[in-house]
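When reading the values below, keep in mind they use all heavy atoms of this one structure, side chains included, and skip hydrogens, waters and symmetry mates.
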Amino acid sequence: MENYNFKAIEKKWQDKWEETGAFHAETNSEKPKYFTMIEFPYPSGAGLHVGHPRSYTALDIIARKRRMEGYNVLYPIGWDAFGLPTENFAIKNKVHPKIVTAKNIENFTRQLKMLGFSFDWSREVNTTDPNYYKWTQWIFLQLFKHGLAYKQEMPINWCTGCKVGLSNEEVVSGVCERCGSEVVQKRKSQWMLKITEYAQRLIDDLDDVNYLEKIKTQQKNWIGRSEGAEVKFKLSTGDEMVVYTTRADTLFGATYTVMSPEHPLIEKMKDSIKNYDEVLKYKAEAAKKSEFERTELAKDKTGVKLEGIYAVNPANGAELPVFISDYVLVTYGTGAIMAVPAHDSRDWDFAKKFNLPIIEVVSGGKNVQEEAYTDVYKGNMVNSEFLNGMPVKEAIPAMIDWLEKQGLGERKVNFKLRDWVFSRQRYWGEPIPLVHCDKCGWVAIPESELPLELPEIDTFEPGDNGESPLAKAYDWIETTCPHCGGKAQRETDTMPQWAGSSWYFLRYMDPHNNDALASKEALEYWSPVDWYNGGMEHTTLHLLYSRFWHKFLYDIGVVPTKEPYMKRTSHGMILGENNEKMSKSRGNVVNPDDVVNEFGADAFRTYEMFIGAFDQSTPWSQQGLKGCYKFLERVWNLQSIVTDEEGYSADLEKNMHKAIKKVGDDFERMKFNTAIATMMSLVNDFSKKGSVTRGEYMTLITLLNPVAPHMTEELWQIYGNDGLLSLQPWPSFEEEKTVDDEIEIVVQINGKIKDKLMIPAGLDRNGTQEAAMNTDKIKGLIEGKTVVKVIAVPDKLVNIVVK
RNA sequence: GCACCUGUGGCGGAAUUGGCAGACGCGCUAGACUUAGGAUCUAGUGUCCCCGACGUGAAGGUUCAAGUCCUUUCAGGUGCACCA
């Protein structure tokens with residue numbers, strides 16, 4: 001027996017798999033299909049993080065098991081390669097992002113290949129490849145043609161130092177994450193996508209998919225559906241102010257109203273507002289505040305009363321003051337509210353600050369002068385005329401019915417979800433394939449001109465005014481209008497990184513197609529993705545955006561399913577040994593190259609799966625890694641005690657069947673750690689016994705193959721088997737052989753364990769009870785006491801209740 | 001502030017359904033082999049006044065029986081941030 005030489009073994013089998021195309025998926029094979037997918041990585045300069053392989057190994061195990069179960073498996077890989085870090089690196093080092101990207105991809109490819117994932121490399125996609133982004137642009141054009149893309153003035157985060165637009169993630173405490181300069185809001189005309197049109201469907205169709213419950217919850221919270229009413233308030237100017245409320249029941253408790261500073265009515269009424277100067281000043285201050293400041297000052301409410309104006313409460317005719325305040329958002333509801341300080345804590349804060357009356361209309365809480373009472377499940381209406389005595393849950397619809405009858409308001413559903421800001425003033429993204437013509441406005445370029453490639457430019461820095469670097473590519477910008485043939489200019493904004501990742505799973509189905517994003521045939525065969533695993537950090541935006549695009553593509557007949565992903569799971573983070581997030585600055589980064597070099601890919605994969613509960617974050621441990629290496633070595637060394645016997649030995653037969661069942665089930669439940677623990681126990685059994693039959697050994701390495709594929713392939717070959725172990729059938733078990741003949745049960749007296757005994761498995765309730773009561777120990781313990789009750793659970797325990 | 005998740009030995013974690021808490025691994029202790037051991041093998045390892053009792057962040061409750069269910073509470077993490 002040779003020593004376990006992982007370096008030679010791993011290289012050998014990786015080459016073999018590649019030569020034989022072992023993991024290539026075939027469209028329209030006779031076998032049932034299985035499409036399993038991980039989030040394709042952003043090829044950063046830092047290389048692979050030990051967090052990446054956690055997800056990749058997990059679904060590699062699923063993919064490999066499915067192949068062994070006879071499925072035609074698609075387990076693809078690609079690159080989400082547009083994006084800021086690459087562009088920033090390019091600016092700093094004056095290299096073309098294309099070159100940086102190619103280099104990073106090369107490194108990532110080397111690292112992924114060294115880990116032996118069973119990806120179908122022939123289907124590799126790259127979002128920055130013009131043949132790929134041709135179709136990203138094509139989808140955008142369809143959205144544009146269907147009226148789902150529009151241009152609007154939106155504020156962006158603008159770094160005064162770097163002179164670039166920043167994403168929200170790059171703004172830390174109001175300053176630029178990289179240079180520390182002040183970040184201000186700058187208004188820019190931006191492309192928007194109408195995701196809000198799909199809000200309801202994005203909630204409803206969650207019923208049809210198998211996502212982890214917490215993922216569904218996050219999606220729903222993000223979309224933020226609320227049911228309420230729009231209520232019309234007459235103003236003293238004769239204008240009408242519409243407010244949105246979910247608590248129509250509290251209308252009698254409204255003591256003032258608030259409009260957001262940006263509300264259009266303010267300008268309309270400027271002649272009636274006596275303190276308009278003050279109002280303008282407040283508006284200017286609010287506009288200056290960054291999003292960050294507005295939220296930071298959440299508790300300290302500010303505002304200005306509109307002098308000379310009042311609103312009329314439609315319920316009781318009361319005259320209410322009208323304020324403007326930045327705690328009311330122009331983007332949500334109608335941009336105006338009725339304030340009920342007794343039953344809303346924000347209104348309560350504001351009322352206290354401005355000394356406004358607080359009227360209780362729901363009883364059941366503490367003194368509303370001390371604290372707002374917001375519970376909607378307890379309490380009854382008071383001070384509310386026809387609503388008095390009703391519980392809140394009844395009062396809400398009763399009030400809305402009344403408002404509708406009087407023509408004073410109507411039911412209304414609102415969503416927190418906003419339309420998707422789709423423009424980036426950046427170079428390294430997909431060009432938006434539109435031109436602006438003075439005569440025709442925004443016009444789509446003909447689909448035959450796709451892809452619209454990024455122009456070659458020398459400097460990737462954005463302009464001083466925050467335009468895209470493309471704004472300086474004058475030759476590229478100037479073009480003719482496809483509609484009227486006149487002069488026109490190209491759009492210089494590019495798409496966000498979310499674009500390419502919103503549909504990449506479709507491209508995997510048919511990655512080299514030049515006539516469509518994928519053929520009808522491929523889409524029909526492979527859709528939907530059966531199992532998609534990724535980080536919890538992508539479960540809101542990325543998932544929502546790609547579901548939105550997919551629904552749109554479904555509506556226009558491009559894809560055959562409503563939902564892109566049938567099953568979505570998430571993995572936890574791997575932390576540094578010190579229990580902190582891994583980062584260069586904390587000096588706790590583990591490099592996969594080092595691990596593989598020292599212990600091999602199989603040990604790395606095994607440890608990544610053994611490290612802890614898959615969905616939980618957990619710290620790295622070099623010792624734990626060593627333990628897994630030792631386990632593999634023990635499996636390897638079992639060779640010295642293998643017998644010629646083909647089947648299972650009599651004394652270990654049950655263990656074998658149990659293990660096959662347990663390992664298979666655990667893989668499916670993503671309990672990889674306990675699956676490996678089961679195999680470790682099996683190895684312990686063999687060692688203890690001092691021998692293992694060839695049949696047992698072959699089953700063990702087959703079960704272990706998805707986790708440690710290289711070593712098990714080698715052992716498979718050493719034992720004279722033909723073909724790849726990776727393509728052998730998954731071991732089967734017999735249910736009846738997973739049950740022991742005799743089972744140890746526990747005998748309790750008053751819930752405390754007093755005795756244990758072996759009884760035949762499957763013995764009924766009475767038999768179990770009888771056996772338990774008749775041991776000498778138990779007889780002695782219950783002697784002289786009154787047996788009140790006996791609970792017998794077959795195959796488990798007997799509990800004797802005595803007095 | 002709101003939502004979601006997690007609290008179990010010295011450590012990572014097990015305990016699919018309410019039914020033997022601590023599987024498996026690490027670490028530690030002792031022994032064997034050895035010139036040597038950061039190698040390998042064997043045995044032990046929740047706590048305690050070691051009979052027996054106590055133990056799953058804390059306090060209550062339901063139950064014959066609770067890590068698991070309910071109520072309250074504390075701590076940590078993640079997401080969202082005045083969404084009316």
Query raised in the report: Starting at CZ of A/Phe350 and ending at P of B/rG1, how long is that distance when rounded to a whole Å?
Result: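 So the CZ-P distance, A/Phe350 to B/rG1, works out to 22 Å.
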Query raised in the report: Roughly how many Å is it from NZ in A/Lys301 to P in B/rA84, rounded to a whole number?
Result: 14 Å
Please determine if a side-chain N or O atom of [X] lies less than 4.0 Å away from the OP1 or OP2 oxygen of [N].
X: A/Ser226; N: B/rA84; value: yes
X: A/Lys581; N: B/rG77; value: no
X: A/Tyr327; N: B/rA84; value: no

Query raised in the report: Which residues pass the side chain to side chain contact (heavy atoms under 4.5 Å, CB included) test with A/Gln616, sequence neighbours left out?
Result: A/Ala613
May I ask you to say what [X] touches in the nucleic acid, namely base, sugar-phosphate or nothing, with a heavy-atom cut-off under 4.0 Å?
X: A/Ser681; value: sugar-phosphate
X: A/Lys752; value: sugar-phosphate
X: A/Arg225; value: nothing

Query raised in the report: Given the rule in the salt bridge (Lys or Arg N to Asp or Glu O under 4.0 Å) test, do A/Glu213 and A/Lys220 qualify, once you have shown the distances and angles that lead to the verdict?
Result: CA-CA 11 Å; A/Glu213 210 44 49; A/Lys220 285 181 191 159; 5.1 Å; no
Pairs under 3.5 Å (N/O, protein and nucleotides 71-76 of chain B):
none

Identify every side-chain donor-acceptor pair in residues 630-637 of chain A under 3.5 Å, counting partners at least two apart or on other chains, and give the distances.
| residue | atom | partner | partner atom | Å |
| --- | --- | --- | --- | --- |
| A/Trp636 | NE1 | A/Glu2 | O | 2.7 |
| A/Asn637 | ND2 | A/Glu633 | O | 3.3 |

Requested in this report: Could you please name the option among B/rA84, B/rC80, B/rA23 that lies closest to any side-chain atom of A/Val328?
Outcome: B/rA84
Requested in this report: Please determine, for the side chain of A/Asn221, which listed nucleotide (B/rC4, B/rA3, B/rC80) has the closest atom?
Outcome: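 Side chain of A/Asn221 sits closest to B/rA3.
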Query raised in the report: In which stems does RNA chain B show up, taking only runs of three or more Watson-Crick or G-U wobble pairs whose two distances fall under 3.5 Å?
Result: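 Stem list for RNA chain B: B:1-7 with B:74-80, B:10-12 with B:24-26, B:27-32 with B:40-45, B:46-48 with B:52-54, B:57-61 with B:69-73.
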Requested in this report: Over 60° means perpendicular and under 30° means parallel, so classify the ring planes of A/Tyr607 and A/Trp620, tilted if in between.
Outcome: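 If you compare the ring of A/Trp620 with that of A/Tyr607, the planes turn out perpendicular.
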Report task. Could you label the plane-to-plane angle of the A/Phe350 and A/Tyr327 rings as parallel, tilted or perpendicular, counting under 30° as parallel and over 60° as perpendicular? Result ->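 Rings of A/Phe350 and A/Tyr327: tilted, 30 to 60°.
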Query raised in the report: In terms of the nearest nucleotide of RNA chain B, which residue is placed more toward the 5' end: A/Met536 or A/Ile676?
Result: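 Going by which nucleotide is closer to the 5' end, it is A/Ile676.
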Report summary line: When A/Lys688 and A/Gly627 are each assigned the nearest nucleotide of RNA chain B, the 5'-most assignment goes to A/Gly627
Query raised in the report: Partners of A/Asp347 by salt bridge (charged side-chain N to carboxylate O under 4.0 Å, His left out), sequence neighbours excluded?
Result: none
Query raised in the report: About how many Å separate CG of A/Asn533 and CZ of A/Phe614, when rounded to the nearest 0.5 Å?
Result: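 The CZ atom of A/Phe614 sits 4.0 Å away from the CG atom of A/Asn533.
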So which protein N/O to nucleotides 12-22 of chain B N/O distances come out below 3.5 Å?
| residue | atom | partner | partner atom | Å |
| --- | --- | --- | --- | --- |
| B/rG12 | O3' | A/Thr618 | OG1 | 3.1 |
| B/rG12 | O2' | A/Ile611 | O | 2.4 |
| B/rG12 | O2' | A/Thr618 | OG1 | 3.4 |
| B/rG13 | OP1 | A/Thr618 | OG1 | 3.2 |
| B/rG13 | O3' | A/Asn673 | ND2 | 3.4 |
| B/rA14 | OP1 | A/Asn673 | ND2 | 3.3 |
| B/rU16 | O2 | A/Arg669 | NE | 3.1 |
| B/rU16 | O2 | A/Arg669 | NH1 | 3.0 |
| B/rC20 | O2 | A/Lys756 | NZ | 2.8 |

